[in-house]
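The structure displayed is predicted, hence computed values, not measured ones.
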Amino acid sequence: QVQLEESGGGSVQPGGSLRLSCLTPRVIFRYNTMGWYRQAPGKQRELVASITTYGAAEYADFVKGRFTIVRNSATDQVDLLASFLEPEDTAVYYCHALGSALWGRGTQVTVSS
């Protein structure tokens, strides 16, 4: 069964940083644009950032300048480097292969003092 596996969530104070990782099957990694989404309690799931197979990245306005999405071809991972975290960033973060039905199970990020 094809799966995406997220890791790296946790609890941090405002202003802190986290690195989220998504381990992706190679065939998916090579041919799909990959994205990180998040869903806060009571809110809809929203796109945070995406990166094409060529490395072109796009970001939601609410994370521009704070988050960076990267692809690692050596490990088939798509990472989300989240910096200057704010309480509003608290959510479950999901990895997704765009254009497919593949989602990870999510990893919790909590930003609180």
J.: I need the Gln77 CD to Cys95 SG distance, nearest 0.5 Å.
T.: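 So the gap between those two atoms works out to 10.0 Å.
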
J.: Please list all pairs meeting side chain to side chain donor-acceptor pair (under 3.5 Å) that have one or both residues in residues 23-33, counting only residues at least two apart or in different chains.
T.: Arg26-Asp76

J.: With heavy-atom distances below 4.5 Å as the criterion, would you say the side chains of Ile28 and Met34 are in contact?
T.: yes

J.: May I have the list of side-chain donor-acceptor pairs in residues 10-23 shorter than 3.5 Å, sequence neighbours left out?
T.:
{"unit_1": "Arg19", "atom_1": "NE", "unit_2": "Asp79", "atom_2": "OD2", "d": "2.8"}
{"unit_1": "Arg19", "atom_1": "NH2", "unit_2": "Asp79", "atom_2": "OD2", "d": "3.0"}
{"unit_1": "Ser21", "atom_1": "OG", "unit_2": "Asp79", "atom_2": "OD1", "d": "3.0"}

J.: Are any non-hydrogen side-chain atoms of Val78 and Phe29 less than 4.5 angstrom apart?
T.: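 In contact.
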
J.: Quick check: do Glu46 and Phe62 have side-chain heavy atoms less than 4.5 Å from each other?
T.: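 SC-SC contact between Glu46 and Phe62 confirmed.
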
J.: Not counting sequence neighbours, list each pair that qualifies as a salt bridge (Lys or Arg N to Asp or Glu O under 4.0 Å) and has a residue in residues 87-101.
T.: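 Passing the test, one end in residues 87-101: Arg38-Asp89, Arg66-Asp89.
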
J.: Of all residues at least two apart in sequence or in a different chain, which pass the side chain to side chain donor-acceptor pair (under 3.5 Å) check with Gln39?
T.: Arg45

J.: Only pairs under 3.5 Å count here: list side-chain donor-acceptor contacts from residues 53-61, not counting sequence neighbours, and write none if there are none.
T.:
{"unit_1": "Tyr59", "atom_1": "OH", "unit_2": "Ile69", "atom_2": "N", "d": "3.0"}
{"unit_1": "Asp61", "atom_1": "OD1", "unit_2": "Lys64", "atom_2": "NZ", "d": "3.2"}

J.: Applying the 4.5 Å side-chain criterion to the ILVMFWY set and letting contacts propagate, would Trp36 and Leu102 be lumped into a single cluster?
T.: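 Linked, Trp36 and Leu102 end up in one cluster.
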
J.: Would you say CZ of Phe84 has more than 12 non-hydrogen atoms from neighbouring residues, nucleotides or ligands within 6.0 angstrom?
T.: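 At most 12 heavy atoms, drawn from other residues, nucleotides or ligands, come within 6.0 Å of this atom.
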
J.: Just jot down the salt bridge (Lys or Arg N to Asp or Glu O under 4.0 Å) partners of Glu5, sequence neighbours excluded, or say none.
T.: none

J.: Could you list the cluster mates of Val92? Members are the ILVMFWY residues connected by side-chain heavy atoms closer than 4.5 Å, either directly or through other members.
T.: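 Via sub-4.5 Å side-chain contacts, Val92 links to Tyr37, Leu47, Tyr94, Leu98, Trp103.
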
J.: Applying side chain to side chain contact (heavy atoms under 4.5 Å, CB included) to Arg105 and Leu4, what does each step give before you reach the verdict?
T.: CA-CA 8 Å; Arg105 294 180 179 179; Leu4 307 179; over 6 Å; no

J.: Show, in sequence, the C-alpha distance, side-chain angles and deciding distance for Phe67 and Leu81, and conclude whether the side chain to side chain contact (heavy atoms under 4.5 Å, CB included) test is met.
T.: CA-CA 5 Å; Phe67 289 15; Leu81 313 178; over 6 Å; no

J.: Which residues satisfy the side chain to side chain donor-acceptor pair (under 3.5 Å) test with Ser7, sequence neighbours excluded?
T.: none

